[in-house]
*Asks:* 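Got a structure for you, written out below as structure tokens; questions coming shortly.
Note that the structure is predicted; figures quoted are calculated from it, not measured.
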Amino acid sequence: QVQLVESGGGLVQAGGSLRLSCAASGRTFSSYGVSWHDMGWFRQAPGKEREFVATISWSGTNTDLADSVKGRFTISRDNAKNTMYLQMNSLKPEDTAVYYCAAGDFGRNPTVYPYWGQGTQVTVSS
């Protein structure tokens, strides 16, 4: 079983920045602290479906970001710390949502991620 805990959310003005973290633990992570799961970030705004934000391969070599966040968001991971990050710059009010981290396979479809965190709220004021 994999446990994922997000942190770093909050209230920020438009144009500001936040960095989200996702700390992972559980039996599927090796004793050497290297995650063998690809991981991703999704978000869900009130009244909307959960949408893909970014994904990163287990090695960190491959990444993919939604068009709406390209050039503003960066996904990264530190396997020694079993932690994934989402650096969010130039935030817009439309980025307001609950952000979820997930572990599973590399991709944009949420169904390829069997493990999910509880989410962290990001609110961007205009």
Side-chain angles (χ1 to χ4, degrees):
Q1 193 70 11
V2 175
Q3 292 81 42
L4 303 173
V5 179
E6 302 96 337
S7 62
L11 173 64
V12 64
Q13 288 187 332
S17 299
L18 284 174
R19 188 176 81 156
L20 305 184
S21 298
C22 174
S25 62
R27 294 181 60 188
T28 56
F29 290 85
S30 77
S31 59
Y32 298 102
V34 176
S35 166
W36 299 105
H37 286 286
D38 301 327
M39 300 184 74
W41 288 99
F42 290 77
R43 67 187 182 186
Q44 188 166 18
K48 295 186 177 181
E49 293 187 352
R50 190 169 297 189
E51 66 171 351
F52 166 77
V53 175
T55 184
I56 186 166
S57 61
W58 71 268
S59 65
T61 301
N62 296 316
T63 63
D64 184 28
L65 287 90
D67 289 345
S68 59
V69 306
K70 279 182 181 177
R72 301 188 298 122
F73 291 11
T74 303
I75 187 171
S76 62
R77 66 192 296 166
D78 184 341
N79 285 343
K81 297 181 179 180
N82 285 339
T83 302
M84 176 180 65
Y85 305 97
L86 185 69
Q87 177 67 44
M88 305 185 296
N89 299 327
S90 302
L91 282 161
K92 304 175 181 180
E94 50 263 44
D95 294 318
T96 295
V98 177
Y99 283 70
Y100 299 90
C101 71
D105 290 327
F106 189 88
R108 295 187 171 206
N109 192 326
T111 63
V112 304
Y113 298 90
Y115 306 109
W116 292 83
Q118 294 300 306
T120 185
Q121 176 71 46
V122 172
T123 303
V124 184
S125 63
S126 58

*Asks:* Minimum heavy-atom separation for Met39 and Ile75, please, with both atom names.
*Replies:*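 Looking at all heavy atoms of both residues, the closest pair is O-CD1, 4.5 Å.
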*Asks:* Using every non-hydrogen atom in the two residues, find where Ala24 and Leu4 come nearest and quote the distance to one decimal.
*Replies:*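 Heavy-atom minimum between the residues: CB-CD2, 3.6 Å.
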*Asks:* Might you point out which heavy atoms bring Asn62 and Phe106 nearest each other, and give the distance in Å?
*Replies:*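 Looks like O-CE1, 3.4 Å.
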*Asks:* Is any side-chain heavy atom of Asp64 closer than 4.5 Å to one of Arg108?
*Replies:*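 Answer yes - side chains close enough.
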*Asks:* Please name the pair of heavy atoms, one in Leu65 and one in Ala54, separated by the smallest distance, quoted to 0.1 Å.
*Replies:*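 Heavy atoms only, the tightest pair is CG-CB, 4.0 Å.
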*Asks:* Partners of Asp105 by side-chain hydrogen bond (donor to acceptor under 3.5 Å, both in side chains), sequence neighbours excluded?
*Replies:*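 Per chain and number, Asp105 pairs via side-chain hydrogen bond (donor to acceptor under 3.5 Å, both in side chains) with no residue.
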*Asks:* List in chain and number order the residues that pass side-chain hydrogen bond (donor to acceptor under 3.5 Å, both in side chains) with Lys70, two or more places apart in sequence or in another chain; answer none if no residue qualifies.
*Replies:*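 Lys70 satisfies side-chain hydrogen bond (donor to acceptor under 3.5 Å, both in side chains) with Asp67 only.
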*Asks:* Compute whether any side-chain donor of one residue and acceptor of the other, for Asp38 and Ser57, lie under 3.5 angstrom apart.
*Replies:*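 There is no such pair between these side chains.
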*Asks:* May I ask you to decide if Val5's main-chain N or O and Gln118's side chain share a donor-acceptor pair within less than 3.5 Å?
*Replies:*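 Looks like no, no N/O pair under 3.5 Å.
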*Asks:* Working to the nearest 0.5 Å, report the span between CE of Met88 and CZ of Arg19.
*Replies:*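 It comes to 11.5 Å.
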*Asks:* In the single-linkage hydrophobic clustering (I, L, V, M, F, W, Y; side-chain heavy atoms under 4.5 Å), do Leu91 and Tyr85 co-cluster?
*Replies:*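 Hydrophobic grouping puts Leu91 apart from Tyr85.
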*Asks:* Quick one: name the residues clustered hydrophobically with Tyr100, using the 4.5 Å side-chain heavy-atom rule over I, L, V, M, F, W, Y, and just say none if it's on its own.
*Replies:*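 Under the 4.5 Å side-chain rule, Tyr100 groups with Phe42, Phe52, Val98, Val112, Tyr113, Trp116.
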*Asks:* To the closest 0.5 Å, what do you measure between CE (Met84) and CG (Leu20)?
*Replies:*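 Rounded to the nearest 0.5 Å, the CE-CG separation comes to 9.0 Å.
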*Asks:* Output the distance between atom CZ (Arg43) and atom CZ (Arg50), rounded to the nearest 0.5 Å.
*Replies:*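 Going from CZ on Arg43 over to CZ on Arg50, the span is 13.0 Å.
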*Asks:* What distance separates Thr120 OG1 from Leu86 CG, expressed to the nearest 0.5 Å?
*Replies:*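 It is 11.0 Å, given to the nearest 0.5 Å.
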*Asks:* For a quick test of reading the model, state the closest non-hydrogen atom pair linking Thr55 to Gly107 and the distance between them.
*Replies:*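 For Thr55 and Gly107, the tightest heavy-atom pair comes out as OG1-N, 3.7 Å.
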*Asks:* Sort and list the pairs that fulfil disulfide (SG to SG under 2.5 Å) and have at least one residue in residues 53-126, not counting sequence neighbours.
*Replies:*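 Qualifying pairs: Cys22-Cys101.
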*Asks:* Contact between Arg72 and Asp95 at the side-chain level, heavy atoms closer than 4.5 Å - yes or no?
*Replies:*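 Yes, at least one pair of side-chain atoms sits under 4.5 Å.
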*Asks:* For Asn109, give me all partners under side-chain hydrogen bond (donor to acceptor under 3.5 Å, both in side chains), at least two apart in sequence or on another chain.
*Replies:*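 side-chain hydrogen bond (donor to acceptor under 3.5 Å, both in side chains) list for Asn109, sorted by chain: Thr111.
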*Asks:* Name all residues meeting the side-chain hydrogen bond (donor to acceptor under 3.5 Å, both in side chains) criterion together with Ser125; count only those two or more places apart in sequence or in a different chain, and write none if there are none.
*Replies:*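 Once residues adjacent in sequence are excluded, Ser125 has no partner under the side-chain hydrogen bond (donor to acceptor under 3.5 Å, both in side chains) criterion.
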*Asks:* Supply the atom-to-atom distance Ser7 OG to Tyr99 OH, rounded to the nearest 0.5 angstrom.
*Replies:*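 Those atoms lie 15.0 Å apart.
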*Asks:* Minimum heavy-atom separation for Ser126 to Pro93, with atom names?
*Replies:*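 The pair with the smallest heavy-atom distance is CB-CG, 3.9 Å.
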*Asks:* Is the number of heavy atoms from other residues, nucleotides or ligands within 6.0 Å of CD (Glu94) greater than 12?
*Replies:*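 Counting other residues, nucleotides and ligands, CD of Glu94 exceeds 12 neighbours.
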